[in-house]
**Q** 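This is the structure I want to talk about, given as structure tokens.
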Number of protein chains: 2
Amino acid sequence: MSTPGRGLHGRVLESLGPAITAGEYPPGSVLRTDELAQRFEVSRSVMREAVRVLESMHLVESRRRVGVTVRPANEWNVYDPQVIRWRLAGADRPRQLRSLTVLRCAVEPVAAGLAAKHATAEQCAELTECALGMVANSRGHKLEGYLVHDVAFHRIVLNASGNEMFARLGDVVAEVLAGRTHHQVMFEDPDPAAVTLHVQVAEAIRGGDAVRAEELTREIVVGALQELDVLSPEA
Amino acid sequence: MSTPGRGLHGRVLESLGPAITAGEYPPGSVLRTDELAQRFEVSRSVMREAVRVLESMHLVESRRRVGVTVRPANEWNVYDPQVIRWRLAGADRPRQLRSLTVLRCAVEPVAAGLAAKHATAEQCAELTECALGMVANSRGHKLEGYLVHDVAFHRIVLNASGNEMFARLGDVVAEVLAGRTHHQVMFEDPDPAAVTLHVQVAEAIRGGDAVRAEELTREIVVGALQELDVLSPEA
DNA sequence: GTGACGTATAAGTCTGACTTTTTGTTCCCG
DNA sequence: CGGGAACAAAAAGTCAGACTTATACGTCAC
């Protein structure tokens, strides 16, 4: 699924990144490269490369004579897939899951509408195939199989929209759906209504009915948001 | 506006990054760290740090015995502000501008709706102030002054939505608006209708009218999209 | 043709010395 | 006693060179 710490600097990142996003080092905290290098038992070169990556994610800022300072959370590149993964693995997963789902509410309906206009015949076929796969796995606690088709479904819609910004949210949606399945209380079978909606969305896109695809997708994703609110109470 | 190549590795990035996003090195191209270090007249350590950053943006992939290979564009982290800036500076600015504006069409109306519910009194005040600033600069070729208030307006709405994913798109919107003002043919004064809409959106948010704020914002951003289509013909 | 083996290659890692920038202190003068 | 200039220390930044490791590719035997 993800990239397991490639190279030494990758392993350092896999440890330091989640620590920062988890708020283990409050904003303004100062880290020194040499100290970190010692702590992780790597050379300074490796540590510097790791810091550079964190810097490119706007998680930290490196300044001479002062050190590596942790930036406030509102400056982080929260669209970076790695940052998203780190945050979803952390303590405030619920909040993270919610803000991502709200993003889905905004994006996916529009993407579905565009998909209805731009989807190729092949994409339509894959879409209905995924929908059928969801139906097939909707009963009998086959959550993993359901998840696979669900992820594929939304990924295809986002790709079929023809907009690269939408397409690149496929990974985000995948993370959200996986997080919901694995870390929420989801022992039951998925909501039958949601399954039906997916089938209908596939039909609408196939039929080129943009407004219907948009509206049905909105139902799906708003439903997901409500489901989230039920499980973790939050204003 | 942005961060001008801080440190040697930053200057290398400022040169290599745009070259890659511009498609100067087609996907699959192989670069060697040593050669790059020579070309840019920096040490390997510096070059390696630069490559690490490019790697974290998914622009390239570094593999042993192979070299640094350029990844296909559909794998790039296109939400990275730096990548966005590089691409907007490149040749396919029109396409980039369009896909970003489509993203705005999806996000900003929803954000405005949420802002109507969550905006603080102070944010409402700032919002109307910005709207007035736009009105004041809407005539007499005061495009720069208009731009400043326009950017501030949309940034406040996104922040006031209370969703961090929306809030972080403030920079993207700023880049889009700046790009439109500076690099499109925009010698005329801004569309009066758009100005009016901004004022009305500020009113709606102040009044807590979510659906109205959403709908008016949709008019603004769809208008921006149409304006884009007129200037650069594209299917 | 297929498999195992060896080799060349380019990234990866480490070390140590040196440079540069910047902060904070000290000290002198007004 | 206050302010500014000179100074010193600290941390990142840069560089060069040696060494290690993984791996693609060619070779050779079967």
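To find a chain, count down the sequence lines: A is the first, B the second, and so on, and within it residues start at 1.
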**Q** Would you name the heavy atoms of B/His58 and B/Glu75 that are closest together and state the gap between them?
**A** CB-O, 3.2 Å
**Q** What is the distance from CZ of B/Arg48 to C1' of D/dC15, rounded to the nearest Å?
**A** 14 Å
**Q** Looking at A/Arg168 and B/Asp80, does any basic side-chain N land under 4.0 Å from a carboxylate oxygen?
**A** no
**Q** What's B/Arg52 touching, base or sugar-phosphate or nothing? Going by heavy atoms closer than 4.0 Å.
**A** sugar-phosphate
**Q** Measure CZ/A/Phe40 against P/C/dC14 and give the value in whole Å, please.
**A** 14 Å
**Q** I'd like to know if B/Arg87 pairs up with A/Glu164 as an ion pair, taking the criterion as any Lys NZ or Arg NE/NH1/NH2 lying under 4.0 Å from an Asp or Glu carboxylate oxygen.
**A** yes
**Q** What is the distance, to the nearest angstrom, from the CD atom on A/Glu55 to the P atom on D/dA12?
**A**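 So the CD-P distance, A/Glu55 to D/dA12, works out to 12 Å.
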**Q** Decide, yes or no, whether a salt bridge links B/Glu14 with B/Arg11 under the criterion of side-chain N to carboxylate O below 4.0 Å.
**A** no
**Q** Write down the distance between CD (B/Gln38) and P (D/dC15), rounded to a whole number of angstrom.
**A**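 Whole-Å distance recorded here is 13 Å.
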**Q** Find which nucleotide of DNA chain C each of A/Arg65 and A/Arg11 is nearest to by heavy atoms, and output the residue with the more 5' nucleotide.
**A**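 The answer here is A/Arg11.
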**Q** Within the 4.0 Å heavy-atom criterion, would you say B/Arg63 contacts the bases, only the backbone, or no part of the nucleic acid?
**A**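 Answer is sugar-phosphate: B/Arg63 comes under 4.0 Å of backbone atoms only.
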**Q** Rounding to an integer number of Å, can you tell me how far A/Glu49 CD sits from C/dA11 P?
**A**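 Distance check: A/Glu49 CD to C/dA11 P gives 12 Å.
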**Q** Could you tell me the separation between the CZ atom of B/Arg64 and the C1' atom of D/dC19, rounded to a whole number of Å?
**A** 12 Å
**Q** By nearest nucleotide on DNA chain D, pick out whichever of B/Val66 and B/Val46 is the more 5' one.
**A**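 The residue closer to the strand's 5' end, by nearest nucleotide, is B/Val46.
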**Q** Using OP1 and OP2 only, check whether a side-chain N or O of B/Ser43 sits under 4.0 Å from D/dT14.
**A** no
**Q** Quick one: label A/Ser45 by what it contacts on the DNA or RNA (base, sugar-phosphate, nothing), any heavy atom closer than 4.0 Å.
**A**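 Answer is base: heavy atoms of A/Ser45 come under 4.0 Å of a base.
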**Q** If you go through the side-chain atoms of A/Arg44, does one of them form a donor-acceptor pair with the base of C/dG16 closer than 3.5 Å?
**A**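 Result: at least one qualifying N/O pair found.
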**Q** How close or far is atom C1' of D/dT21 from atom CZ of A/Arg6, stated in whole angstroms?
**A**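 One finds 15 Å between C1' of D/dT21 and CZ of A/Arg6, rounded.
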**Q** First locate atom CD of B/Glu55, then atom CZ of A/Arg6, and finally report the distance between them rounded to the nearest 0.5 Å.
**A**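 Going from CD on B/Glu55 over to CZ on A/Arg6, the span is 5.5 Å.
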**Q** Whole angstroms only, please: what is the NE2-C1' distance between B/His9 and D/dT14?
**A**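 Atom NE2 in B/His9 sits about 13 Å away from atom C1' in D/dT14.
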